[in-house]
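As structure tokens, the structure follows; a few thoughts come after it.
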Amino acid sequence: MDSCALELLAMLLFVAAWLCVLASTLLPQWLTMSTALLPVESYELGLWETCVVQDVGGMECRAYDSLLGLSRDLKLSRILMCASLAVGVLGLLVATPGLHMVNSCRGGPKRILTSIGGVLGVVSGVLCLVPVSYMAHLAVMHFFDDKVPDVVPRWEFGDALFIGWAGGFLLVVAGLLLVSACWYSPGRGTEPALQRRYQVMSTDVSFKKRSEYV
């Protein structure tokens, strides 16, 4: 695959993955719970608010009253998801000047910028996957806890977790594609050599012409 097409694919995946991470951060459907006593209502838990959803279509959400009153899990998830978004934006800003289609700089700096942007994309994906997987792990542990009676409702996976998994995985893939397009592209390594060869050949031709003239 051509390096320009590979870079374009990586950037499109990068942007789409970052939007998925943003949606996962804002959505309240990290964990969902429905009870047999109230089958017409279900509860949703997110990083910023909790919601009550009714079967008739109504939905009422309420933000958390205090930041200090949050559990350690929610605090850690908030920090890591916000850090993932920030690192992802930084990766996009750094990688854009290093693309083939952008004529901001040439030579070695373009490859360095693209590599740094790809590494930041991988870091952003890992920062997203950690809190999503951790919250899913807690839900699984509580769901299969033998100490909790069966009649007690349990939290289950919400849509935001799956969106977060998709966003984090795509960020890692996009970052690896950027690094691959940068370091394994034959065009970037051969262009300077071809230019030097052309300059040497043109110098030899001009020297021969001057020698013949003399």
(message) Quick check for you: to the nearest 0.5 Å, what is the distance between L127 atom CG and L120 atom CG?
(response) 10.0 Å

(request) Examine distances only and state if a side-chain atom of W48 and a backbone atom of T25 form a donor-acceptor pair shorter than 3.5 Å. (result) yes

(message) Within this structure, what is the CG-CG distance for the pair L85 and L90, rounded to the nearest 0.5 Å?
(response) 12.5 Å

(message) Can you confirm whether more than 12 heavy atoms, excluding those of F162, are under 6.0 Å from its CZ atom?
(response) yes

(message) Hydrophobic clusters here meaning ILVMFWY residues chained together by side-chain heavy-atom distances under 4.5 Å, can you tell me if I79 and V130 are in one?
(response) no

(request) List the atom of L92, the atom of M11, and the distance in Å for their closest heavy-atom pair. (result) CD2-CE, 3.7 Å

(message) For a quick test of reading the model, state the closest non-hydrogen atom pair linking G164 to C128 and the distance between them.
(response) O-SG, 3.3 Å

(message) Between L31 and L161, is the side chain to side chain contact (heavy atoms under 4.5 Å, CB included) condition met? List the steps.
(response) CA-CA 8 Å; L31 298 175; L161 289 183; 4.1 Å; yes

(request) Working to the nearest 0.5 Å, report the span between CE of M81 and OG of S124. (result) 9.0 Å

(message) As an exercise, state the distance from OG1 of T50 to CD of E60, rounded to the nearest 0.5 Å.
(response) 9.5 Å

(request) To the nearest 0.5 angstrom, please state how far the CG atom of D73 sits from the CH2 atom of W30. (result) 11.0 Å

(request) Check A174 against L13 and note the closest heavy-atom contact, atom names and distance. (result) CB-CB, 3.9 Å

(message) Ignoring hydrogens, what is the shortest heavy-atom contact between L6 and S180? Give both atom names and the distance.
(response) CD2-C, 4.4 Å

(request) Could you pull out the closest heavy-atom pair between E49 and Y64, with the gap in Å? (result) N-CE1, 3.4 Å

(request) Indicate the atoms forming the closest heavy-atom contact of L178 with T114, along with that distance. (result) O-CG2, 3.7 Å

(message) Going by side chain to side chain contact (heavy atoms under 4.5 Å, CB included), L27 matches just one of I163, L22, L47. Which one?
(response) I163

(request) Check the pair W165, S24 against side-chain hydrogen bond (donor to acceptor under 3.5 Å, both in side chains), reporting the backbone distance first and the verdict last. (result) CA-CA 9 Å; W165 272 320; S24 177; over 6 Å; no

(request) Applying side chain to side chain contact (heavy atoms under 4.5 Å, CB included), run through F157 and T32 and close with a yes or a no. (result) CA-CA 6 Å; F157 295 171; T32 61; over 6 Å; no

(message) Donor-acceptor check, side chain of S84 to backbone of L80, threshold 3.5 angstrom: yes or no?
(response) no

(request) Tell me, with the steps shown, if L70 and R78 meet side chain to side chain contact (heavy atoms under 4.5 Å, CB included). (result) CA-CA 11 Å; L70 291 176; R78 278 188 181 185; 3.4 Å; yes

(request) With the side chain counted from C-beta on, respond yes when S71 and L74 share a heavy-atom pair under 4.5 Å apart, and no when they do not. (result) yes

(message) One pair to check against side chain to side chain contact (heavy atoms under 4.5 Å, CB included): V123 and L171. What are the steps and the verdict?
(response) CA-CA 8 Å; V123 174; L171 277 175; over 6 Å; no

(request) Measure the shortest side-chain to side-chain distance between E7 and L177 over non-hydrogen atoms and say whether it is less than 4.5 angstrom. (result) no

